[in-house]
Amino acid sequence: MAEVNIYEGALDKGLEGVVACTTAISFIVGNTLIYRGYTIEDLSQNSTFEEVTYLLWNNKLPNKTELDSFKSELNKNMTLDAGFISVLKTLPTNVHPMAWLRTAVSLMSHWDSDSNDNSNEANQKKAIRLTAKMGSLVTAFEAIRNKREILSPKSGQSLAWNFMYMLKGTEPDADTVKLFDTCLVLHADHELNCSAFATRVTTSSLSDMHSAIVSAIGALKGPLHGGANEQVMVMLAKIGTMEKAQQFVKDALAAKEKVMGIGHRVYKDGDPRAAILRKFSKQLTAKIGKPELYEMSALIDDTMQKEKGLMPNVDFYSATVYHAMGIPTDIFTPIFAVSRVAGWIAHCMEQYEKNRIYRPRGKWQGQEGLNWKTVDAR
Ligand code: COA
């Protein structure tokens, strides 16, 4: 039977250029990214992750009292429930940390008495708990798989400080905390990216916040989205030396393979976050005595621009930054979640405020008019 199109609507593969909702959280304006009106250059230089999270959720920067109280709330909520930890310890750890994290966040809802309450009051509490605990979960995974004690967060310290402390077991120095905090600021939101859209799609059925965040983690995990930062490090290790970098890129392009951390759906003249991370990558790789990692990255970046006109995205230089900070490669994408949860929650809240369920159509390419036959007649 001939193919019949029953729906003649426009087909936008990957929804390129489709406007799916109105939003006031973050946006790509010209060649920069803004969160609630402030540029990423301004915020990454002057703000902190806690302040940016407050900004994303409340549409204004906090005053001192508001910020102190917000930081204290986050800090108090970083601790994982003992019963929850004992269940987490029973989960296999020979899986990708993002798979473990996806399960752990879903499980977390069973210890949250507000999990099924979608009121604004309950959502405010869940927003704090989810954001505060994301880093504690990632570091708990690292402790469990290495058969180390799960450390408790220290009071009075920031999310960035506690993440590095609980990950490594030693108190981090001020420079490391500042740099890591800036990375969290840079990753906190990015308008209608794949995982933010996943958050909004799940929220649009009036499902609960934990479900929306689990959807987002699943979307972030993929190598075309957040999973790219891990794959950049894997790629650099595979290339091995500077001499092989250019040929690697040319071979990848000839084979129509993606070079990880390069390209973007929206930015065509470069991702402003990559420009900031590039500087950090240069400084940090030199500091740990591995400048060749930055040089190899810069050569790949350069070759991709010359050969294909494509620029690096946020994941390209963050890989060498995290590596130089001594973070295990498969923890790179979970770190993305530790930051991006702030943005996902802002999208979840905005979606609840002016909700209409997402229900697009597909362009029909299947068969029609078939008649069912008994199993023996097929
Ligand atoms: N390496 C090689 N070629 C790439 C590329 C990459 N990283 N990114 C895009 N291209 C090429 C495509 O092959 C295509 O080429 P063609 O027109 O000759 O067929 C063209 O550029 C357009 O790419 P397309 O995949 O259609 O762009 P997109 O908007 O659908 O995808 C990304 C955007 C980010 C998913 C894509 O650039 C990509 O896969 N990058 C690598 C993964 C990554 O870093 N993801 C993190 C995103 S923040």
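By convention here, the first residue in the shown sequence is residue 1. Indexing begins at 1, ligand by ligand and atom by atom, following the structure's order.
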If you look only at distance, which donor and acceptor atoms sit under 3.5 Å apart when one is on a side chain in residues 178-188 and the other is two or more places apart or in another chain?
{"from": "D181", "atom 1": "OD1", "to": "F49", "atom 2": "N", "distance (Å)": "3.3"}
{"from": "D181", "atom 1": "OD2", "to": "F49", "atom 2": "N", "distance (Å)": "3.2"}
{"from": "T182", "atom 1": "OG1", "to": "K178", "atom 2": "O", "distance (Å)": "2.8"}
{"from": "H187", "atom 1": "ND1", "to": "C183", "atom 2": "O", "distance (Å)": "2.8"}

Joint cluster assignment, V266 & L220, ILVMFWY side-chain distance < 4.5 Å: yes
Mutual orientation of the aromatic rings belonging to H190 and Y267 [parallel < 30°, tilted 30-60°, perpendicular > 60°]: parallel
K60 and E66 ion-paired at < 4.0 Å: yes
Cationic N near anionic O, under 4.0 Å, E142 to K168: no
Over 12 foreign heavy atoms within 6.0 Å of CD, Q305: yes
Note every protein N or O atom lying under 3.5 Å from an N or O atom of ligand 1, pairing the names and giving the distance.
{"from": "ligand 1", "atom 1": "1 (N)", "to": "V259", "atom 2": "N", "distance (Å)": "2.8"}
{"from": "ligand 1", "atom 1": "7 (N)", "to": "V259", "atom 2": "N", "distance (Å)": "3.4"}
{"from": "ligand 1", "atom 1": "7 (N)", "to": "V259", "atom 2": "O", "distance (Å)": "2.7"}
{"from": "ligand 1", "atom 1": "7 (N)", "to": "I262", "atom 2": "O", "distance (Å)": "2.8"}
{"from": "ligand 1", "atom 1": "15 (O)", "to": "K308", "atom 2": "NZ", "distance (Å)": "3.3"}
{"from": "ligand 1", "atom 1": "18 (O)", "to": "K308", "atom 2": "NZ", "distance (Å)": "2.6"}
{"from": "ligand 1", "atom 1": "25 (O)", "to": "K258", "atom 2": "NZ", "distance (Å)": "3.0"}
{"from": "ligand 1", "atom 1": "29 (O)", "to": "R265", "atom 2": "NE", "distance (Å)": "2.7"}
{"from": "ligand 1", "atom 1": "30 (O)", "to": "R265", "atom 2": "NH2", "distance (Å)": "3.1"}
{"from": "ligand 1", "atom 1": "37 (O)", "to": "I262", "atom 2": "O", "distance (Å)": "3.4"}
{"from": "ligand 1", "atom 1": "39 (O)", "to": "K258", "atom 2": "NZ", "distance (Å)": "3.0"}
{"from": "ligand 1", "atom 1": "40 (N)", "to": "I262", "atom 2": "O", "distance (Å)": "2.9"}
{"from": "ligand 1", "atom 1": "44 (O)", "to": "G261", "atom 2": "N", "distance (Å)": "2.8"}
{"from": "ligand 1", "atom 1": "44 (O)", "to": "N313", "atom 2": "ND2", "distance (Å)": "2.9"}
{"from": "ligand 1", "atom 1": "45 (N)", "to": "L224", "atom 2": "O", "distance (Å)": "2.9"}

